[in-house]
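Written out below as structure tokens is the structure these notes cover.
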Amino acid sequence: MITKRQKLLITYYLFRSLFLGIGFSRIFDKTHQDFSISVIIGTILGFFVIKLVKLLLDKKEGFTLKEYVEKSKFQLLFKMLIILFSFVFIIIILTILNSFISSFFLLNSPTYFIIILFLLISYILATRGLKNIIKTAELLFFINFFIPIIVVSILLKYADVTNLLPILTSKPSNIVISSISYCIYSTVPYFFLLNIKNNGKDIDKFYIINSMSIFLIFVFTMLILGRNLTDIYRFPEYVVLKRIKIFSFIEKIENIVSCIWITDEVLSISIALYTVYDFLNKSKMKLVFAVLLIFIFVSFIVGNNYVISLFIYYNSLFILLFGIILLIAILFIKKDGSN
Amino acid sequence: MKKILLILLLLIFTTGCYDYIELNELSIIEGIGIDKENNNYRITLEVLINEKNGIDDEQNKSAIVTGYGSTIASAISNAADKTSKSAYFSHLKVVLINDDLNEDDIAGLTDYFLRSTEIRNEFFILTVKNYTCEEIYNFDKKKIISDEISSMLVDTKRGKTIASPYYFEEIIERHFNKMQDPALNIITIKDDELVIDGMALYEIYKIKDTLSTEESKIYNILFENSNNIDINFDGENDITLSIYDSEIDKYVKNNKLYLDIKLKASILEYNGKKSLKDDDNYIYFNKLYSEKINNKIYEFYKKILNNNTDILGIEDEYYLKYKSKVDWRKLKYSISTNLIINKEGLIYNL
């Protein structure tokens, strides 16, 4: 049985998974110094989506998403759509991770070398079940929670408040688009929470806390890099870590610190892969086949074609919207089994 | 067996062995110099060499390699090819650019450095005057020139010399801003010594004029970089003041720029006749040197105005406050300086 604390812990990782490489840069790109308005409006919008998730979690308490979907007349269609959605989610994250790692960590390694590493770890975690994923999440939580706090306190001296000025210079349409983007990036990963037997207690409150933690990263990136540099860098949330200097002799530690982003992504992939595993009736052979499919697609098609990578980067929002539509569709499954 | 296989697989894939290069197979580049010759770039690389003369005798030296190319990237590649090992740019400390480089050249090198995955943007960037970058790097073959320059600039931050150093990213910030022009430290050779000699004023990326070391002090005051700036005033009261704190209030009102400057200073040396025990003399000094420094700031402002180089970022600050653009050249200006001598040293008068 997953406890409330463990469930909320998982939301911490899921929430952040789509911000590295996409969420931050897309929102900064559209709204510059006005990102805070987008984040606040996005959080309000996201709160309503989370209410939907909460409603669904309360409605299906005691069942996993799979068991719940099996009540539907269109269970095969739902199952296929959920597997497809999980695939899309994993592919988006792997594409971003590949871009991140090949830009800063493994500059010369081929894509398949990078992708296999994450898929292998996620496969192991997914097949060992939710309990092991949560145990890993619990172990990593202290690192993932305290490192950002330490980083923020170190970077405080480089913060320049004028970098947040002038406000209200972005077009209203850009603020609206960014707010919707924030809402989608922050809520869509919650979809995987549905496959956990638990109610939705407190997930809405914890969503606000998660949102505040990501807002802090937004603010500090802008405070330190300023409008122009956040615009030109591909991963501003990573570049800002290059400024870390402790007592003038501990420096160049951005690669160690940025591991928190990687753990977020690995755990999110594992949870998505676990959903696929569950929907494939816990057949390891089928999961191996699914993982191979993702591996081949990302390593040899997406990873070697920058046009497709860019397409994913720019259109991820529309692709992910599919998750919210799916969520609403699932809501219409009635308890008696009819749609 | 399965577990062992998994551990082996993870060992192969997670340790980054694919990108692994032995330290002694790397040519660590500490400095880059960019000159222009017949429409081609000449890149000078300063490569760190670790020389061993016995078991305990280890010495760090540098070697200079040059390369040519029609673009910055091709010239750097050409120069890097001449190093015996794989060129490694992550420890880059200093980039020198010749003062004859034009706007396009500097834009090109900015793009190259920002795009490069290997180069960390935490190096100093300086302009070379009267010499080529290659000559600067070859100035003293016993020394690592990049280290020397870097030390000079870091000491500057601690208040030993005068010019404020800029990291590459700070310069880039100004470039993209388009509302603030950059100013770079000048490195040159004077009296057979490598010296930082004032600053080069740029309009966007076009060098317009230079600031002398005395003018660079005013620049530092205006940027609140007052980390013990020494100013000497000859004459009746032969005095050297050290400005240790400055506070600038810059604002525009009714089409007029106001610069209200508050300075705190200590007496470093005094050879005058007035008694430093008398509080009236302090009031007199405060007024006198406030006026003198104010005149210097006026002269400084006129210079940057005549050169049309907004290194103070007046347009930028105006935009941040009022969200509209202003032509700083058309603004009237008023400068007022208020200097307070707070520390007189351990003695009054000799």
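Letters go in sequence order (proteins before strands), and every chain restarts at 1.
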Can you tell which part of [X] gets under 4.5 Å to a heavy atom of chain B, answering side chain, backbone, both or neither?
{"X": "A/L164", "answer": "neither"}
{"X": "A/I167", "answer": "backbone"}
{"X": "A/R243", "answer": "both"}

Would you list the atom pairs, donor with acceptor, under 3.5 Å between side chains in residues 131-140 of chain A and any protein atom, with sequence neighbours excluded?
residue	atom	partner	partner atom	Å
A/N132	ND2	A/R128	O	2.7
A/T136	OG1	A/N132	O	2.6
A/E138	OE2	A/R5	NH1	3.1
A/E138	OE2	A/R5	NH2	2.8

So that I know where these two stand, are A/Y238 and A/Y233 an aromatic pair - ring centroids less than 6.0 Å apart?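 They do not qualify: ring centres at least 6.0 Å apart.
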Aromatic ring centroids of B/F124 and B/F168 under 6.0 Å? no
NZ-CD distance between A/K242 and B/E122, expressed to the nearest 0.5 angstrom: 7.5 Å
Between atom CD1 of A/I256 and atom CD1 of A/I260, what is the distance when rounded to the nearest 0.5 Å?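 Result: 12.5 Å between the selected atoms.
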The interface call for B/E317 against chain A, heavy-atom contacts under 4.5 Å, is neither
Side chain from CB out, backbone as N, CA, C, O: work out which of these in B/Y322 comes under 4.5 Å of a heavy atom of chain A, or both, or neither.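 Neither part.
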